[in-house]
Amino acid sequence: MARLIVQAVGTAAEGAASGVASPGNSDPLYLVVSVTDTGGVPVSGLTAADFTIDAKLVAAGGAQVEIASAGGGQHGDYLLDVVPVTFQGTQYTWTLGRYIFLLAVTRGADQGQAVCAVFVH
């Protein structure tokens with residue numbers, strides 16, 4: 001097993017931007033993620049199934065999240081679309097405030113993780 005180096009930065013819109021996470025909607029919050037091996041070589045070819053996200057802290061009244069899709073990866077750079085979960089037919093929405101995520105990446109026996117904080121406003 002080898003360690004993967006994972007870095008993640010979140011983005012959030014200010015105000016009611018269409019198609020981007022903001023309070024009251026369930027549009028994607030985008031995470032830009034870099035994955036390299038311990039030698040600094042970019043890790044390409046990962047899919048959404050290789051990423052796991054856990055909202056360790058959610059804004060007041062906020063919901064857990066899931067990864068809707070993952071794109072890119074040709075150079076170890078990925079764009080993850082993170083959305084509030086749907087539970088028993090209810091689609092939850094973003095709320096105003098800070099979210100802190102633990103993002104884990106697994107490639108075979110190789111693993112890595114990063115913490116990412118985002119403020120939705």
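Source: prediction; values computed, not measured.
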Atom pairs and distances, donor-acceptor, side-chain atoms in residues 70-77, under 3.5 Å, two or more places apart:
residue: D77; atom: OD1; partner: H75; partner atom: N; Å: 3.3

Task: Validation row: V65, W94 side chains within 4.5 angstrom (heavy atoms) - done: yes
Task: Hydrophobic cluster partners of L102 (side-chain heavy atoms under 4.5 Å) - done: L57, I100, V115
TODO: Count the heavy atoms of every other residue, nucleotide or ligand shown that sit under 6.0 Å from CD of Q7, and state whether that count exceeds 12.
DONE: no
TODO: Tell me yes or no: between the side chains of S69 and D81, is some donor less than 3.5 Å from an acceptor?
DONE: yes
Task: Path from V35 to I67 over hydrophobic side-chain contacts below 4.5 Å - done: yes
Task: V118 side chain reached by F101 side chain, heavy atoms, under 4.5 Å - done: yes
List the atom pairs, with distances to 0.1 Å, where a side-chain N or O of residues 83-90 and a protein N or O form a donor-acceptor pair under 3.5 Å, not counting sequence neighbours.
residue: T86; atom: OG1; partner: Q91; partner atom: OE1; Å: 2.6

TODO: Would you indicate whether the side-chain heavy atoms of V82 and Y99 approach each other to under 4.5 Å?
DONE: no
- [ ] Using the salt bridge (charged side-chain N to carboxylate O under 4.0 Å, His left out) rule, collect all pairs that involve residues 104-121, keeping only residues at least two apart or in two chains.
- [x] R107-D110
Task: Residue pair L80 / L103, side-chain heavy-atom distance below 4.5 Å - done: yes
Show every donor-acceptor pair shorter than 3.5 Å between a side-chain atom in residues 38-46 and any protein atom, with sequence neighbours excluded, or say none if there are none.
none

TODO: Enter the distance from D37:CG to I5:CD1 here, rounded to the nearest 0.5 Å.
DONE: 8.0 Å
Open item on the list: Could you measure the distance from the CG atom of L4 to the OG1 atom of T36? Nearest 0.5 Å is fine.
Closed with: 8.0 Å
Open item on the list: Is the shortest side-chain heavy-atom distance between N25 and T93 below 4.5 Å?
Closed with: no
- [ ] For this output row, return yes or no: ring centroids of F51 and Y78 closer than 6.0 angstrom.
- [x] yes
Open item on the list: Quick check against the 3.5 Å criterion: does Q113 have a side-chain atom that pairs as donor or acceptor with the backbone of V6?
Closed with: no
Task: Residue list, salt bridge (charged side-chain N to carboxylate O under 4.0 Å, His left out) with D54, at least two apart or on another chain - done: K56
Task: For A8 against A114, the heavy-atom pair lying closest together - done: N-CB, 4.5 Å
TODO: Run the numbers on L31 and I53 for side-chain contact (heavy atoms from CB on, under 4.5 Å), then give the verdict.
DONE: CA-CA 11 Å; L31 294 182; I53 193 162; 3.7 Å; yes
Open item on the list: Is it the case that the side chain of S22 and the backbone of H121 share a donor-acceptor pair, with hydrogens and angles ignored and the cut-off at 3.5 Å?
Closed with: no
